[in-house]
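Notes for the one structure printed next.
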There are 2 protein chains.
Amino acid sequence: MKLAEGKEKFIEAWGKLGSEWGINRTMAQVHALLLISPEALTTEEIMAELSISRGNANMTVRDLMDWGLVEKQHKTGERKEYFYAEKDTWVIARQVAKERKKRELDPVLKILNQLSEVTGDVKDPAYKTFKTSVANINKLANNVNKTLETMLKAEENWFFGTVMKILK
Amino acid sequence: MKLAEGKEKFIEAWGKLGSEWGINRTMAQVHALLLISPEALTTEEIMAELSISRGNANMTVRDLMDWGLVEKQHKTGERKEYFYAEKDTWVIARQVAKERKKRELDPVLKILNQLSEVTGDVKDPAYKTFKTSVANINKLANNVNKTLETMLKAEENWFFGTVMKILK
DNA sequence: ATAAACTTTCAAAAAGTTTTGAAAGTTTAA
DNA sequence: TTAAACTTTCAAAACTTTTTGAAAGTTTAT
């Protein structure tokens, strides 16, 4: 396979994966493009490579910066803004985990806590089932939360290395 | 907070979380409803509780069965089909992980392998960056894959227990 | 064999999300 | 200050996904 075809496949695959995980397809594609680009790119170049509009390119790049996955670069003597992606995949994975934890897990944990306060008749099966389910999900969510927090602090080798050792 | 309000909040929160994770909102809501229901429910009851159409209820229940999260129950002497959800959250988490691994991670791993075959000029920065990025993502994806496979086989206490022990 | 009870399908409609592109805004150099 | 170079915004359009509900299909009891 040639590089041009490989690039295309990579961008497509990353976009698809992103959309399956609740990340907008274009955002994932722009990220993919920057990931495999040795140089920082301008909005114009992103627009041309992916055939997307100026507005879309601008919004997407801004979202990627919000996620901490892309940064601006200013070249001296140039007016244009250049964008480049963090290339270390472990840093990327942590950044994504951090953002999703903040946006999704944290609010759910909050609601689960509120739901632990629900009062009712201990003889009522509906109440009992509700209580048990909420308690179980709470426990799991807290375990996931703790694991994520550790991951956010950890180095890749340590994290997978240690887990791997236990796994065999 | 009263049970009725708690139920509503729970169903809403589960639905929102689902949609953020690429799982259809209604599917997550039906799952939530069955999770906190002490008895198996009929299509009619699901329709009524969530105010959704017959077609939608039927499709959704079928999807949940495909995911291995819900099962049919036949009550003797009754024509109607009843549906109930697996209540053990660790089993649910594993089931979801299994399904998403199959649908999403496995295809990506396959493409990444193809992309390792891309040939080009070793002096070309575009080629070098492409190769490095693909190799790094490959490594991470394989680590995630191995961890998931272990999780799929593991017991909750063992999995989190062991990880937790290392974490402090 | 029939009809009642129930389930499934699927085309069309509704809802939700993403993209466009032109206009407005901002920054810079001279 | 001006105008050129560039970035941002946002309402409307395009696209995607989900939902509806009526019709078709299936099963069961008699």
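Computed from a predicted structure; not experimentally measured. Within every chain, numbering begins at 1; the chains are lettered A, B, ... in the order of the sequence lines, protein sequences first and strands thereafter.
- No side-chain donor-acceptor contact under 3.5 Å links A/Glu49 to the backbone of A/Ile46.
- Using a 4.0 Å heavy-atom cutoff across all strands shown, B/Ser19 reaches no nucleic acid atom at all.
- Counting to the nearest Å, the P atom of D/dT7 and the NZ atom of A/Lys80 are 8 Å from each other.
- Contact annotation: A/Asn24 side-chain N/O to C/dT19 OP1/OP2 distance is under 4.0 Å.
- Here the P atom of nucleotide C/dA3 and the CZ atom of B/Arg79 are 15 Å apart, to the nearest Å.
- For the pair B/Asn136 and A/Thr89, the tightest heavy-atom approach, listed with the atom from each and the gap, is O-OG1, 3.6 Å.
- Contact annotation: B/Arg62 does not reach the phosphate of C/dT7 (side-chain N/O to OP1 or OP2, under 4.0 Å).
- The aromatic rings of A/Trp90 and A/Phe159 lie tilted to each other, with the angle between the two planes from 30° to 60°.
- Atom-to-atom, CG of B/Asp63 to C1' of D/dT19 comes out at 13 Å; the value is rounded to the nearest Å.
- Across B/Val118 and B/Tyr127, no two heavy atoms sit closer than the pair O-OH, 3.3 Å.
- Residue B/Arg54 contributes atom CZ, which lies 12 Å from atom P of D/dT20 at whole-angstrom precision.
- Of the candidates D/dT7, D/dT20, C/dT8, D/dT20 carries the atom nearest the B/Ser53 side chain, counting heavy atoms from C-beta on.
- In this structure C/dT20 sits in a base pair with D/dA11, meeting the Watson-Crick or G-U test at under 3.5 Å.
- The residue among B/Ile52 and A/Glu78 whose nearest nucleotide of DNA chain D lies closer to the 5′ end is A/Glu78.
- Rounded to whole Å, the distance from CD on B/Glu45 to C1' on C/dT7 is 16 Å.
- With respect to B/Arg100 and A/Glu20, no salt bridge is recorded, no charged nitrogen being found less than 4.0 Å from a carboxylate O.
- In this structure, CD1 of B/Ile23 is placed 18 Å from C1' of C/dG16, rounded to the nearest angstrom.
- The separation between A/Asn56 atom CG and C/dT20 atom P is 5 Å, rounded to whole Å.
- The interatomic distance linking B/Ile46 (CD1) with C/dC6 (P) rounds to 15 Å, in whole Å.
- Contact check, B/Thr26 against D/dT19: a side-chain N or O comes under 4.0 Å of OP1 or OP2.
- Between B/Asn58 and C/dT7 there is no side-chain polar atom (N or O) within less than 4.0 angstrom of OP1 or OP2.
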